[in-house]
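Working notes, structure below.
Each chain gets a letter, A, B and so on, in the order its sequence line appears, and its residues count up from 1. Because only heavy atoms are used, hydrogens play no part in the values below, and waters and symmetry mates are left out as well, while side chains stay in.
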Amino acid sequence: DAGVTQSPTHLIKTRGQQVTLRCSPKSGHDTVSWYQQALGQGPQFIFQYYEEEERQRGNFPDRFSGHQFPNYSSELNVNALLLGDSALYLCASSLSGGLAGTDTQYFGPGTRLTVL
Amino acid sequence: DQQVKQNSPSLSVQEGRISILNCDYTNSMFDYFLWYKKYPAEGPTFLISISSIKDKNEDGRFTVFLNKSAKHLSLHIVPSQPGDSAVYFCAANALGGANSKLTFGKGITLSVRP
């Protein structure tokens, strides 16, 4: 049973560029959440997708956008990259409407984004 | 404004002894709490969780205690093993389940000495 997968593993971009990160959820999961983890910090919630729509959003600017596809996989897009966007981007998947204890969020290995 | 606080950045314990990792929160709306473990170059791995209707949850060597009046929870690892050396994150959410937005602390680096 494949867990959460993310691609690419590492990425280097320059300021002002745009980036797309990808996530495939754990088999059977229908909900994808994205988090940003800066160095020395805990993960910070960006947004969550369910049924191809953004269901919740954290305190991130509109430069951060996402998409969920019919197969539940998801993309995170960041426009007009800033130096401060350098971080580990984590994707987590879960099952909405599942029994208590089955809706835990499971994380992928992350994509390390460096903005120069 | 840190709603989940892990005030000790690191902890070192001897193999076989107990590890106690602490976490405080400020948001009274939080009603579900989780602990994740993270190794370098890997994503966080779910360890154990507790609902606010309980004050203790146990899973093997891991036990989480919740003190709602103090807005404090702790993770106990007994006995500690060298493979437990990792960064441990405390996380919390509201709305009665683990599915909604998680708010994380900064993490505690645990080192278990052989």
Side-chain angles (χ1 to χ4, degrees), chain A residues 2-7 9-10 21 23-26 28-51 54-60 87-112, chain B residues 1-10 21 23-25 27 29-54 57-59 62 64 86-109:
Chain A
V4 180
T5 59
Q6 292 186 244
S7 63
T9 306
H10 296 88
L21 311 182
C23 172
S24 290
K26 183 177 167 65
H29 284 184
D30 59 7
T31 301
V32 173
S33 304
W34 287 92
Y35 293 80
Q36 179 196 67
Q37 185 181 10
L39 201 60
Q41 304 294 316
Q44 266 199 296
F45 177 77
I46 303 174
F47 43 53
Q48 183 181 85
Y49 276 83
Y50 172 66
E51 292 188 339
E54 184 182 291
R55 181 160 70 173
Q56 296 181 69
R57 189 177 182 94
N59 190 24
F60 279 80
L88 180 68
Y89 287 85
L90 295 162
C91 167
S93 75
S94 53
L95 176 63
S96 281
L99 298 172
T102 67
D103 56 354
T104 300
Q105 294 182 37
Y106 292 88
F107 285 81
T111 294
R112 173 71 62 187
Chain B
D1 176 30
Q2 277 249 288
Q3 297 186 59
V4 177
K5 301 178 184 179
Q6 296 178 263
N7 293 320
S8 303
S10 62
L21 290 74
C23 177
D24 298 292
Y25 62 96
N27 189 337
M29 298 300 293
F30 288 149
D31 59 4
Y32 199 83
F33 304 89
L34 307 91
W35 284 92
Y36 284 85
K37 176 171 74 173
K38 187 178 185 302
Y39 294 118
E42 293 183 14
T45 302
F46 170 72
L47 261 182
I48 191 169
S49 62
I50 187 167
S51 164
S52 61
I53 62 173
K54 295 185 174 182
N57 189 26
E58 192 172 353
D59 183 2
F62 302 91
V64 56
V87 178
Y88 288 78
F89 290 100
C90 171
N93 70 0
L95 303 180
N99 211 343
S100 60
K101 159 189 171 179
L102 292 173
T103 300
F104 283 84
K106 289 187 176 183
I108 301 172
T109 300

Looking only at heavy atoms, the pair that brings G108(A) and P44(B) closest together is O-CD, 4.5 Å
Please report the closest heavy-atom contact between Y36(B) and Q105(A), naming both atoms and the distance. OH-O, 2.7 Å
With sequence neighbours excluded, residues passing ring-ring contact (aromatic ring centres under 6.0 Å, His included) with F60(A): F64(A)
How long is the gap from CZ on F104(B) to CG on L90(A), to the nearest 0.5 Å? 8.0 Å
About how many Å separate NZ of K38(B) and CZ of F107(A), when rounded to the nearest 0.5 Å? 10.5 Å
Out of curiosity, Q41(A) CD to F89(B) CZ, how far, rounded to the nearest 0.5 Å? 9.5 Å
Contacting moiety of Q44(A), where chain B heavy atoms sit under 4.5 Å: neither
In terms of heavy-atom pairs under 4.5 Å with chain A, which of C90(B), G43(B), G105(B) leads? G43(B)
Qualifying residues under ring-ring contact (aromatic ring centres under 6.0 Å, His included), relative to F33(B), sequence neighbours excluded: Y25(B)
Y35(A) side-chain N/O to L102(B) backbone N/O, donor-acceptor pair under 3.5 Å: yes
If you count heavy-atom pairs under 4.5 Å between each of G110(A), P43(A), P109(A) and chain B, which one has the most? P43(A)
